[in-house]
**Student:** 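Have a look at this one.
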Amino acid sequence: MNGTNDAGRPLGVAVLGMGTVGTEVVRVLRDHADDLRSRVGAPLVLRGVAVRDLSKDRGLPAELLTTDAEALLARDDVDLVVEVMGGIDPARKLIGDALAAGKSVVTANKALLADYTGELAAAAESSRADLYFEAAVAGAIPVVRPLIQSLSGDRVNKVVGIVNGTTNFILSAMDETGAAYDDVLAEATDLGYAEADPTADVEGYDAAAKAAILASLAFHTRVTAADVYREGISKITAEDLETASAVGCTVKLLAICERVPGEPSAAEGGKDRVSVRVYPALIPRKHPLASVNGAFNAVVVEADNAGRLMFYGQGAGGAPTASAVLGDLVMAARNKFYGGRAPGESVYAELPIAPIGDTPTRYHVNLQVEDRPGVLAAVADTFAQHGVSISTVRQQGHGDGARLVVVTHHAVESSLADTVAVLAEMDSVTAVTSVLRLEGTEES
Ligand code: NAP
Ligand code: HSE
């Protein structure tokens with residue numbers, strides 16, 4: 001099935017999964033068959049769709065549906081595979097076998113790619129098939145291809161994104177209405193944004209998988225989900241949003257992929273390192289990501305020569321995700337027809353991963369304190385003892401309601417963690433109410 005297609009011979013497509021995304025992929029394949037044929041040069045013909053449950057009404061002829069994905073992929077008249085079933089197994093084996101057999105694969109499966117891109121890319125390489133995955137990060141937004149192709153002559157230094165629509169919907173609603181996390185999560189579930197089990201979204205696993213994919217592409221280094229430091233949004237309170245607002249900020253769940261310049265004296269001999277992290281952070285309201293609201297996603301890429309680029313749009317949903325899948329499918333089909341190939345995995349740089357403890361960030365620390373002389377000095381001294389420099393400190397409230405809001409200059413995570421541990425034990429500090437990172441600010 002490799003190499004140039006006979007002129008005009010139909011290219012057979014197998015689709016694995018017909019849920020939210022698969023249903024829209026199949027609809028576009030059928031409704032826009034003529035356009036797709038013209039764009040590819042040969043007809044794309046749906047050979048079959050693998051599902052778990054044949055009893056569901058899917059508006060397709062029964063002969064196109066099967067529960068035997070393996071047999072569908074093994075058919076000689078299947079040239080291209082769209083995997084939108086999700087999960088690791090059986091998707092991993094099905095895709096691996098299809099690629100090894102020379103069938104090009106388009107997948108939206110970020111969880112699989114975050115851990116197994118190396119294995120799948122090797123299978124594609126062995127048979128010179130294509131592996132495309134634009135839909136795996138930020139749904140409809142073209143960001144994978146720009147990183148792989150458009151920026152392949154540049155040097156990317158940072159990728160920061162809002163890559164999870166569910167959590168962005170929740171944080172935007174908390175910011176706009178002052179509502180509590182649990183109330184907004186319930187609304188997000190009612191509206192169909194959050195899954196019945198929202199763990200993957202709200203605890204940041206979904207964003208971490210996407211961050212691993214983005215970092216791998218940006219830094220030509222294999223980064224897996226285990227390399228990503230992750231915190232979710234389930235501990236964010238209405239008060240955090242209120243405090244953020246008081247300092248001209250909002251709170252967003254950010255996926256941050258950053259090149260950390262190496263120091264010649266370091267163990268790695270001065271090699272740059274890669275920091276990849278997902279956590280809720282304060283960002284100034286004037287930052288471009290602050291105005292990304294609701295279930296929308298956006299990704300900002302900073303490169304040496306291109307400067308700052310921003311990609312914005314719908315990061316989830318059947319039709320938006322299908323748009324990215326179909327774009328990849330057309331590319332893969334053209335390659336079959338004309339004999340080209342997708343770029344393979346590029347991991348030549350092999351940059352080491354920087355541990356979160358070494359990662360410098362600014363912090364916003366909210367303390368409930370006793371309102372008496374010397375408390376501010378003692379708190380400031382604790383920061384100083386741990387080498388954490390304070391940028392601003394404000395007292396809010398008086399008496400029993402006294403709070404100190406401390407904003408630091410850049411400090412490494414480990415120093416801040418040590419500072420907070422000591423603050424929590426101080427008699428004059430009633431509670432460390434919140435510790436949030438501050439991103440997207442210029443240091444003065
Ligand atoms: P979904 O609605 O849960 O649909 C999954 C489909 O796969 C269902 O049709 C299911 O069959 C089928 N399936 C699952 N396991 C199967 C198995 N072992 N054999 C055969 N069929 C199987 O999922 P989705 O939301 O469309 O997501 C699909 C993929 O796209 C995931 O990797 C997801 O991360 C990714 N993605 C989704 C979105 C989004 O907005 N939903 C956005 C970007 C990326 P039944 O219908 O019979 O149950
Ligand atoms: N669950 C994801 C989100 C969509 O909320 O953005 C799939 O990537």
Side-chain angles (χ1 to χ4, degrees), residues 14-27 48-60 65-73 81-95 105-116 133-141 143-144 161-172 185 188-189 191-211 213-214 225 232-233 252-253 255 278 292 294-299 313-325 328:
V15 177
L16 307 181
M18 199 173 174
T20 305
V21 180
T23 300
E24 292 303 309
V25 169
V26 168
R27 177 186 62 77
V49 182
V51 293
R52 269 179 309 212
D53 180 357
L54 287 175
S55 71
K56 286 186 194 168
D57 179 16
R58 308 187 194 251
L60 274 186
L65 291 163
T66 178
T67 53
D68 191 345
E70 218 166 312
L72 172 62
L73 298 193
V81 176
V82 172
E83 186 274 308
V84 282
M85 61 176 24
I88 306 299
D89 295 314
R92 177 182 171 192
K93 181 170 188 323
L94 291 169
I95 294 179
V105 172
V106 174
T107 176
N109 194 334
K110 74 223 80 162
L112 181 65
L113 289 161
D115 283 334
Y116 298 105
F133 49 91
E134 182 64 68
V137 182
I141 305 173
V143 63
V144 167
I162 293 170
V163 293
N164 184 268
T166 306
T167 47
N168 202 50
F169 173 86
I170 293 171
L171 293 173
S172 303
L185 174 60
T189 308
L191 288 171
Y193 288 120
E195 305 273 339
D197 176 4
T199 310
D201 290 321
V202 300
E203 296 304 347
Y205 292 99
D206 176 77
K210 292 166 181 168
I213 296 169
L214 289 172
I233 66 161
K252 295 290 185 191
L253 183 73
V278 167
V292 176
F296 278 82
N297 284 192
V299 180
Q314 297 191 69
T321 307
S323 167
V325 169
D328 279 353

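In each ligand, atom 1 is the first atom listed, and ligand 1 is the first ligand listed.
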**Student:** Would you say ligand 2 has an N or O under 3.5 Å from any N or O of N297?
**Tutor:**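 Looking only at distances, the answer is no, because the N/O contact criterion of under 3.5 Å is not met.
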**Student:** Any side-chain donor paired with an acceptor under 3.5 Å for T107 and N109?
**Tutor:**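 Side chains of T107 and N109: no pair found under 3.5 Å.
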**Student:** For atom 10 (C) of ligand 1, tell me which residue out of E70, R52, Q314 has the closest non-hydrogen atom.
**Tutor:**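 Nearest option to atom 10 (C) of ligand 1, by heavy atoms: R52.
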**Student:** If you take the nearest heavy atom of each of A316, A140, A209, A108, which one is closest to atom 30 (O) of ligand 1?
**Tutor:**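 The option holding the nearest heavy atom is A108.
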**Student:** Which atoms of ligand 1 sit under 4.0 Å from any heavy atom of M18?
**Tutor:**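 In order of number, 6 (C), 8 (C), 9 (O).
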**Student:** For atom 40 (O) of ligand 1, what is the closest protein heavy atom, and at what distance to 0.1 Å?
**Tutor:**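 Among all protein heavy atoms, the one nearest atom 40 (O) of ligand 1 is G317 N, 2.7 Å.
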**Student:** Counting non-hydrogen protein atoms only, what is the nearest one to atom 27 (O) of ligand 1? Give residue, atom name and distance.
**Tutor:**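 Closest protein heavy atom to atom 27 (O) of ligand 1: V21 CG2, 4.1 Å.
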**Student:** Suppose I only count heavy atoms of K110 and a 4.0 Å limit; which atoms of ligand 2 are within that range?
**Tutor:**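 Near K110, the atoms of ligand 2 are 7 (C), 8 (O).
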**Student:** What I want to know is whether G165 and ligand 2 share at least one N or O pair that is separated by under 3.5 angstrom.
**Tutor:**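 So ligand 2 has an N or O lying under 3.5 Å from an N or O of G165.
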**Student:** Pairs of nitrogen or oxygen atoms closer than 3.5 Å, one from G19 and one from ligand 1: do any exist?
**Tutor:**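 Looking only at distances, the answer is yes, because the N/O contact criterion of under 3.5 Å is met.
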**Student:** Can you tell me which residue and heavy atom of the protein come closest to atom 4 (C) of ligand 2, and the distance to 0.1 Å?
**Tutor:**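 Protein heavy atom at minimum distance: A316 CB, 3.5 Å.
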**Student:** Are any of the N or O atoms of G17 closer than 3.5 Å to those of ligand 1?
**Tutor:**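 In fact, backbone or side chain, G17 has no N or O that close.
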**Student:** Does the protein come close to atom 23 (O) of ligand 1 - that is, does one of its heavy atoms sit below 4.0 Å from that atom?
**Tutor:**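 Protein heavy atoms within 4.0 Å of atom 23 (O) of ligand 1 - there are none.
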**Student:** Atom 5 (O) of ligand 2: which protein heavy atom is closest, and how many Å away?
**Tutor:**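 Of the protein heavy atoms, T166 OG1, 2.5 Å lies nearest.
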**Student:** Hey, is ligand 1 close enough to E83 that some N/O pair sits below 3.5 Å?
**Tutor:**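 No, no N or O pair falls under 3.5 Å.
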**Student:** Out of all atoms in ligand 1, which are within 4.0 Å of some heavy atom of P90? Include the element for each.
**Tutor:**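 Once the distances to P90 are compared, the set is 18 (N).
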**Student:** Heavy-atom contacts under 4.0 Å between D201 and ligand 2: side chain, backbone, both, or neither?
**Tutor:**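 Contact part for D201 vs ligand 2: side chain (C-beta onward).
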**Student:** At their closest point, which heavy atom of F169 faces which heavy atom of L191, and how far apart are they?
**Tutor:**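 What the structure gives for the nearest pair is CZ-CD1, 3.5 Å.
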**Student:** Counting non-hydrogen protein atoms only, what is the nearest one to atom 31 (C) of ligand 1? Give residue, atom name and distance.
**Tutor:**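 For this ligand atom, the closest protein heavy atom is G86 CA, 3.6 Å.
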**Student:** Just heavy atoms, cut-off under 4.0 Å: does T167 contact ligand 2 by side chain, backbone, both, or neither?
**Tutor:**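 Contact part for T167 vs ligand 2: neither.
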**Student:** Please identify which atoms of ligand 1 are closer than 4.0 Å to at least one heavy atom of A135.
**Tutor:**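 Once the distances to A135 are compared, the set is 43 (C), 44 (C).
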**Student:** Considering only heavy atoms of R58, which atoms of ligand 1 have at least one such atom less than 4.0 Å away?
**Tutor:**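 The list of qualifying atoms is 9 (O), 45 (P), 46 (O), 47 (O).
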**Student:** Can you report which non-hydrogen protein atom sits closest to atom 43 (C) of ligand 1, along with the distance?
**Tutor:**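 Residue, atom and distance for the closest contact: T321 CG2, 3.4 Å.
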**Student:** Would A50 count as a contact residue for ligand 1, given that I'm defining contact as a non-hydrogen atom of the residue lying under 4.0 Å from a ligand atom?
**Tutor:**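 Within the 4.0 Å threshold, so yes.
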**Student:** Can you tell me which residue and heavy atom of the protein come closest to atom 36 (N) of ligand 1, and the distance to 0.1 Å?
**Tutor:**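 The protein heavy atom lying closest is K110 NZ, 3.8 Å.
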**Student:** Report the nearest protein non-hydrogen atom to atom 13 (N) of ligand 1: residue, atom name, distance rounded to 0.1 Å.
**Tutor:**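 Protein heavy atom at minimum distance: M85 CB, 3.8 Å.
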**Student:** Quick test of your reading of the model: are K210 and D206 salt-bridged, counting only N-O distances below 4.0 Å?
**Tutor:**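 Yes, this pair counts.
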